[in-house]
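Structure record follows, encoded as structure tokens.
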Amino acid sequence: MNNPYQEAWEAFNRQDLDAKVDFYNRDGRLFDVIVSQQFDREILDHLCKLTTHMRLLHKTERGADLIQSLLRHKRAMLYFVQPSTRTFLSFLNACQILGMDTSEIRDTATSSEVKGESPEDTIRTFSSYVDLIITRHPGKDFSEKCAWVLNNSNRPTPVLNGGSGQEQHPTQALLDIYTLQRSFEDQGGIDGKTITFVGDLKRGRTVRSLTHLMKNYRDVRIIFASPEKFRMRDDIKEFLDRQQISFKESDSFREVIPESDAIYMTRIQDEHDDAEGGKSERFYREFSIGLPELELMKKDAIIMHPLPRRNEIDVNVDADSRAMYWRQERNGMWMRAALITYIFHKDEIVLGESL
Ligand code: NCD
């Protein structure tokens, strides 16, 4: 039976990325944030500058008061139906810093989906009450579909993707860029750096989203270090080839440590095992960092991790000045606060405030 609505969605979804990116933008600005390919160098630099400005401005009582008054008239919905600690809490705290009220659903068992309501109707319902929707969902197209549903409704509401399936985590990519840029501020920025991604590169969405952004920087080199069965998928390698970004794959992490400026660790994403049949190892000693691996690192290199970690970074590494993952986590809150400020066109007000 024909279902024009479903057909329209499928036709939208079949389009290439450039057309979709246009659909997510409005008046030459980001409106929805769905995929990391939406960010160009100009917006990355703008958001990094805004993040630093907000972070520093907030240290004074006057600055914190001003920031708190920016979006007091706006409300956000956090629809997080896949496990999350950092992304959820950093978005929630970002909203609170900006004076926004929030509501949340973290389990479909507590919403009307249990009565048979479609996820699209559930999302449409949120837009009746709030001004911003932030989603985390196991489905790879979920946030995209939300944006499509709402942009076609009479109450378009921005959608921010807080992680979808194994594919995309665009706001994590933003905070990762901010962490890289901040860490390499005195070393010429991200341009010219070698970034090594380690672990489950096949199923981790953070590495995929961040890799897309490397086309915005000059002379970046990428190394993918993973167990054979978790190698980076071909689509990303083809993308790097097309962009003429130099990369190599390695099954020996220790060998590539000395040439790395940033080491981006990830955990094995074994929650996806069932979909692929069979159980994977939860930990590979050869793809982890402990005190012996620290000895092999450059003096000014950094270690990142989107977290949560298991054993791939020994807790003894935390005290090393090159361990950047706790700062990276905190950067996430400030970057998300900056992004929401930008989405509601308040960025110039913040940047106009002297520190
Ligand atoms: C990541 C995720 O959910 O993709 N976590 C996060 O958002 N910081 C990484 C992971 O779960 O391994």
Side-chain angles (χ1 to χ4, degrees), residues 33-36 51 78-95 104 106-107 134-144 159-180 195-213 224-227 229-230 232-233 236 262-276 280-284 287-289 302-313 318 323-337 339-340:
V33 172
I34 308 297
V35 293
S36 66
T51 304
L78 285 89
Y79 181 73
F80 272 58
V81 296
Q82 203 188 20
S84 175
T85 304
R86 266 150 293 273
T87 308
F88 177 80
L89 281 179
S90 62
F91 264 122
L92 183 72
N93 283 280
C95 290
E104 62 189 64
R106 301 206 62 179
D107 184 349
I134 307 163
T135 63
R136 166 168 289 205
H137 199 277
K140 103 180 195 326
D141 297 330
F142 182 77
S143 59
E144 195 157 13
V159 176
L160 306 183
N161 178 4
S164 53
Q166 300 176 27
E167 296 300 319
Q168 282 280 352
H169 200 343
T171 62
Q172 178 74 39
L174 284 180
L175 74 93
D176 290 342
I177 286 289
Y178 182 64
T179 305
L180 286 164
I195 303 176
T196 298
F197 293 104
V198 189
D200 188 344
L201 307 182
K202 184 176 170 200
R203 303 179 296 183
R205 55 193 171 194
T206 63
V207 174
R208 294 175 63 77
S209 277
L210 181 55
T211 304
H212 279 298
L213 296 188
F224 293 126
S226 70
K229 70 191 279 203
F230 298 126
M232 180 49 89
R233 282 184 261 158
I236 292 283
I263 296 177
Y264 191 107
M265 303 297 295
T266 66
R267 72 179 170 89
I268 302 298
Q269 308 274 316
D270 56 329
E271 66 270 38
H272 301 297
D273 280 0
D274 286 346
E276 296 172 6
S280 53
E281 299 287 329
R282 278 169 63 94
F283 173 57
Y284 289 77
F287 294 93
S288 69
I289 296 194
I302 59 166
I303 306 167
M304 295 170 65
H305 195 308
L307 303 174
R309 75 168 150 193
R310 289 184 189 143
N311 301 336
E312 60 277 353
I313 303 180
D318 292 11
M324 214 46 75
Y325 31 95
W326 297 116
R327 174 181 279 191
Q328 178 186 359
E329 174 177 89
R330 192 164 163 78
N331 283 342
M333 178 179 77
W334 290 113
M335 175 49 96
R336 288 173 172 128
L339 178 66
I340 296 170

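Counting starts at 1 for both ligands and their atoms, following the listed order.
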Looking only at side-chain N and O atoms, does T206 offer a donor or acceptor that is under 3.5 Å from a partner on Q172? no
Is the cationic atom of R310 (NZ for Lys, CZ for Arg) positioned less than 6.0 Å from the six-membered ring centroid of F283 and within 45 degrees of its normal? no
Distance-only donor-acceptor check, side chains H305 and E329, under 3.5 Å: no
Without hydrogens or angle criteria, can the side chains of S164 and N161 be said to hold a donor-acceptor pair below 3.5 Å? yes
For ligand 1, list the protein residues that place a heavy atom within a distance below 4.0 Å of one of its atoms, sorted by chain and number. T87, R136, H169, Q172, R205, T206, R267, Q269, P306, L307, P308
Does either side chain, that of T266 or that of D200, offer a donor lying less than 3.5 Å from an acceptor on the other one? no
May I ask you to check whether T87 and R136 show a side-chain donor-acceptor distance below 3.5 Å? yes
